[in-house]
Amino acid sequence: MRHRAALVLLSFAVFFTAMAPTLRWYAFPRLAKIPAGQYQEMVLEAKPATLLRYDTMQAEQVDRVTIVQTLKGNVEESRRIERHAGRDVVVWDALSHVTGPDGATVSQIPERYIFDAHTQDPVHATGETVDGTPVRREGIEFKWPFLTEKRDYAYFDAQTRTSAPIHYKGARTFRGLEVYYFEQTVPWTKVPYPKKMPLPGIDASKLEQQTGTTRWYTTRRMFWVEPVTGAPVNGEEIHREELRGGTLLGGRDKVTAFAGHVRMREDYLAHTVDLVRGQRRLVLLMTSYLPRSFLILGTGLAALSLWLEARSRRTPGGGTGGPPGSGTGRPPVVSGARSSGASPEPPPGPPATDASDSARAAPRGPTGTPRARTTPDPP
């Protein structure tokens, strides 16, 4: 019975021990991925800010500028690209909508971001655009990979349409979460005008060509990233834009189009932290909690199986060499033996036969005494 139980426990030990690396290295990359139909909205604010009024072409101090960023998963496009890419792909249709203090639109920049659902690596396919212009992203945007490492990453900037390193600056604590802090500085760079701007009667895509006025941009970008999920729990930018030269400025060399410290609005910040905290537990369940538990359980079951197998191989009663029940290798003491040292009586043998029968059975010599039969009797 113990031998059979040991075999059953050993089978479970092998199962759980094999499940530990399988869950971590096989199941996790297939289960932990961004859903194709995800929808996310984020509101950021710059309070106060400097904003250009395009009707007067004068920069003014305003109480607030609001940036609403939306990410909407395009399931149909994701499936179409998956058939060609041979892997799980997510297509995000993103929109950055900037409004002034009165709610009027300042600019809109749409994007289509195509990436691997698990690694967040860009997937180059038809439709990868920024503001309707085809681009080829390198590096990440919006989200870091699961199990983010302590290193620099290439980060795509939608304004410049280029990628540059975003630098790891160390581990920090943000609202009770252990996070990695990343920072990137984009130097002053000439960038295209958004196609949708409050310029009545003027095609923004041809503004530079018609007026000679160029648009320049710089930013210091900061992210606090929860490393298990790769999700930023906070993001900030110290952002500046200028218009330089040309006839649009009325002879001025440059004018500030926008300047402000952009931060996530408090209600969205609190919601993001709570959401990431819950997702973190799910990822840790697949990468740490369950694999470790399975490995410990498998080791324990294997040890218990070996112990039961060793018990089943012992002689019943615990002895190693004596008769059953003796407990030692010495002969048992007969209960009738005296303690004075006399030899114990021999155990009873077979019942004695009648002497007359023995005498008649044995051949006799000349004197009548029994003799040993050495030769067969003559016929």
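Annotation for Phe294 and Met19: closest pair CD1-CB, 3.7 Å, computed over non-hydrogen atoms. Across all their heavy atoms, Tyr180 and Pro227 have their closest contact at CE1-CB, 3.4 Å. Closest heavy-atom contact between Pro122 and Gly139: CD-O, 3.3 Å. Heavy atoms only, all atoms of each residue included: Leu52 and Thr256 are closest at CB-O, 3.6 Å. Ala59 approaches Thr50 most closely through the heavy-atom pair CB-CG2, 4.0 Å.
For the pair Arg240 and Glu242, the salt-bridge criterion is met [side-chain N within less than 4.0 Å of a carboxylate O]. Between Asp93 and Lys72 there is no salt bridge, since no side-chain N of the basic residue sits under 4.0 Å from a carboxylate O of the acidic one. Salt bridge present: Asp157 and Arg221 bring a charged side-chain N and a carboxylate O closer than 4.0 Å.
Scored by the side chain to side chain contact (heavy atoms under 4.5 Å, CB included) test, Thr173 finds Glu178 as partners (sequence neighbours excluded). Applying the salt bridge (charged side-chain N to carboxylate O under 4.0 Å, His left out) rule to Asp121 yields no partners; only residues at least two apart in sequence or on another chain are considered. Shown here are the side chain to side chain contact (heavy atoms under 4.5 Å, CB included) partners of Pro101, two or more places apart in sequence or in another chain: Leu51, Val62. Residues satisfying the salt bridge (charged side-chain N to carboxylate O under 4.0 Å, His left out) test with Asp131, not counting sequence neighbours, are none.
Taking the ring centre of Tyr181 as origin, the terminal cationic atom of Arg172 falls inside the region bounded by 6.0 Å and 45° from the ring axis.
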Distance-only donor-acceptor hits, side chain of residues 140-147, under 3.5 Å, sequence neighbours excluded:
unit_1, atom_1, unit_2, atom_2, d
Glu141, OE1, Arg137, NE, 2.8
Lys143, NZ, Gln120, OE1, 3.1
Lys143, NZ, Thr229, O, 2.7

Donor-acceptor contacts under 3.5 Å from residues 41-48 side chains, at least two apart:
unit_1, atom_1, unit_2, atom_2, d
Glu41, OE1, Tyr268, OH, 3.0
Glu45, OE2, Arg64, NH1, 3.2

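In this structure, the ring of Phe28 has its center less than 6.0 angstrom from the ring center of His118. Trp224 and Phe182 have their aromatic ring centers separated by at least 6.0 angstrom. For Tyr155 and Phe223, the distance between ring centers is under 6.0 angstrom.
Put simply, the side chain of Leu284 does not reach to within 4.5 Å of the side chain of Arg281, judged on heavy atoms. You'll find the side chain of Tyr113 stays beyond 4.5 Å of the side chain of Glu128, heavy atoms only.
Within the 3.5 Å criterion, the main-chain N or O of Arg263 finds no donor-acceptor partner in the side chain of Glu236.
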Quiz item: Should Glu241 and His239 be marked as a side chain to side chain donor-acceptor pair (under 3.5 Å) after you check the CA-CA gap, both sets of side-chain angles, and the distance that decides it?
Solution: CA-CA 7 Å; Glu241 297 179 17; His239 186 110; 2.8 Å; yes
